[in-house]
Amino acid sequence: MLTKKQWEFCLDEIGKMFPDAHCELVHSNPFELLVATLLSAQCTDVLVNRVTADLFQKYKKPEDYLAVDIEELQTDIRSIGLYRNKAKNIQALSALLIEEFGGEVPADRDLLTTFPGVGRKTANVVVSNAFGIPAMAVDTHVERVAKRLGMNRWKDSPLMVEEKIMRWTLRERWTDTHHQIIFFGRYHCKAQNPACGECPLLPLCREGKKRMKHVG
DNA sequence: CTCCCGATAT
DNA sequence: ATATCAGGAG
């Protein structure tokens, strides 16, 4: 298992590799980020940004999403995939925002989690990026990197990963670290062909050492 | 656990 | 052809 000292070394190296890591979901207010993050489930952020470029011109407020038929919204986001669930959730969430929150996105992680289509990961992304509240969102990249390094057991839930990373990382660096791990996972420690051969973390990486041995 | 689902990389 | 993508709900 990875030690805390080794984890701190990893953060140092990953930070040097991706010093300007940031949120790649294009948005200009909390509501847009909430919608963009909901759309990003099982889909690349490049595809999300391609759709929201037009979507956010057409739909500015929660009322705008409720003013069209569900079929029209489905068509507007179809290329994203999972579009039926996502369209339904966006409309339900818009109605909830209007009825209960005056049309404003609440800056509260646990409250956001009760919204339709908004789980813990999406809520963490919104509060950290839109409101500056320290949070550690565990998506597919963060979970993969943490488990490859050997922070957790392979069967551990995303919540276990989240708690372990938060315990081992300075609170004021949670959001930064979150973005840097995502960039590391997306461009270096990739799902399909991870660049273990040129990885500074290889000497302490459980999965990396196993892979290098198997390859040659 | 299964289902939702189109676009892209491998 | 198959795997993966800033997951969430039933």
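These numbers come from a predicted model, not from an experiment. Order of the sequence lines fixes the chain letters, A, B, ..., with proteins taken first and strands second; residue numbering starts at 1 for each chain.
Across B/dC4 and C/dA1, the matching P atoms stand 23 Å from one another, rounded to whole Å. Between B/dC3 and C/dA6, the distance separating the two P atoms is 24 Å to the nearest Å. Across the P atoms, C/dG10 and B/dC5 are found 14 Å apart, a figure rounded to whole Å.
With distances taken from any side-chain atom of A/Leu25 to the nucleotides C/dG8, C/dA6, C/dC5, the minimum falls on C/dA6. Comparing C/dA6, B/dG6, C/dG7 against the side chain of A/Ser79 picks out B/dG6 as the nearest. Closest to the side chain of A/Lys190, from the set B/dG6, B/dT10, C/dC5, is B/dT10. Distance from the side chain of A/Lys121 is smallest to C/dG8 among B/dA7, C/dT4, C/dG8. Here the side chain of A/Tyr83 is nearest to one of B/dG6, C/dC5, C/dA6, namely B/dG6. Listed candidates were C/dC5, C/dA6, B/dC5. Nearest to the side chain of A/Leu82 is B/dC5. Distance from the side chain of A/His141 is smallest to C/dA6 among B/dC5, B/dG6, C/dA6. Listed nucleotides C/dG7, C/dA6, C/dT4 differ in distance to A/Gln192; the shortest reach to its side chain belongs to C/dT4.
Across all non-hydrogen atoms, the minimal contact from A/Pro158 to A/Val138 is O-CG2, 3.8 Å. Taking each heavy atom of A/Arg186 and A/Asp45 in turn, the nearest pair found is NH1-OD2, 3.2 Å. For A/Ala92 against A/Pro116, the heavy-atom pair with the smallest separation is CB-CG, 3.7 Å. Of all non-hydrogen atoms in A/Ile165 and A/Val142, the two that sit nearest each other are CD1-CG1, 3.7 Å.
OP1 and OP2 of C/dC5 both lie 4.0 Å or more from every side-chain N or O belonging to A/Ser40. In this structure, A/Arg84 reaches the B/dC5 phosphate: one of its side-chain N or O atoms is under 4.0 Å from OP1 or OP2. Regarding contacts with the backbone of C/dC5, a side-chain N or O of A/Thr140 is found under 4.0 angstrom from either OP1 or OP2.
Residue contacts shown for A/Phe183 are absent, as no nucleic acid heavy atom lies under 4.0 Å away. Across all strands shown, A/Leu47 has heavy atoms under 4.0 Å from sugar-phosphate atoms exclusively, and none from any base. Residue A/Val46 is out of contact with every strand shown, counting any heavy-atom pair closer than 4.0 Å.
The CD atom of A/Glu162 sits 14 Å away from the C1' atom of C/dA6 (whole-angstrom rounding). Atom CG in A/Asn49 sits roughly 16 Å away from atom P in B/dA7 (whole-Å rounding). Summarising the geometry, the separation between CZ on A/Arg120 and P on C/dA9 is reported as 13 Å, rounded to the nearest angstrom. Spacing between atom CD of A/Glu32 and atom P of C/dA6 amounts to 20 Å, rounded to whole angstrom units. The distance from atom CD of A/Gln74 to atom P of B/dG6 is 11 Å, rounded to the nearest whole Å. Here C/dC5 presents its P atom at 14 Å from CD of A/Glu24, a figure rounded to the nearest Å. A straight line from CZ of A/Arg50 to P of B/dG6 spans 15 Å, rounded to a whole angstrom. The separation between A/Asn85 atom CG and B/dT2 atom P is 17 Å, rounded to whole Å.
Surrounding NZ of A/Lys58 are more than 12 heavy atoms belonging to other residues, nucleotides or ligands, all under 6.0 Å away.
The CG atom of A/Asp76 sits 9.0 Å away from atom OH of A/Tyr65, with the distance rounded to the nearest 0.5 Å.
Each of A/Cys23 and A/Thr114 was matched to the nucleotide of DNA chain C holding its nearest heavy atom; the match closer to the 5' end belongs to A/Cys23. Take the nearest nucleotide of DNA chain C for A/Asn89 and for A/Thr44: the residue whose nucleotide is more 5' is A/Thr44.
Taking the ring centroids of A/Phe183 and A/His22, they lie under the 6.0 Å cut-off.
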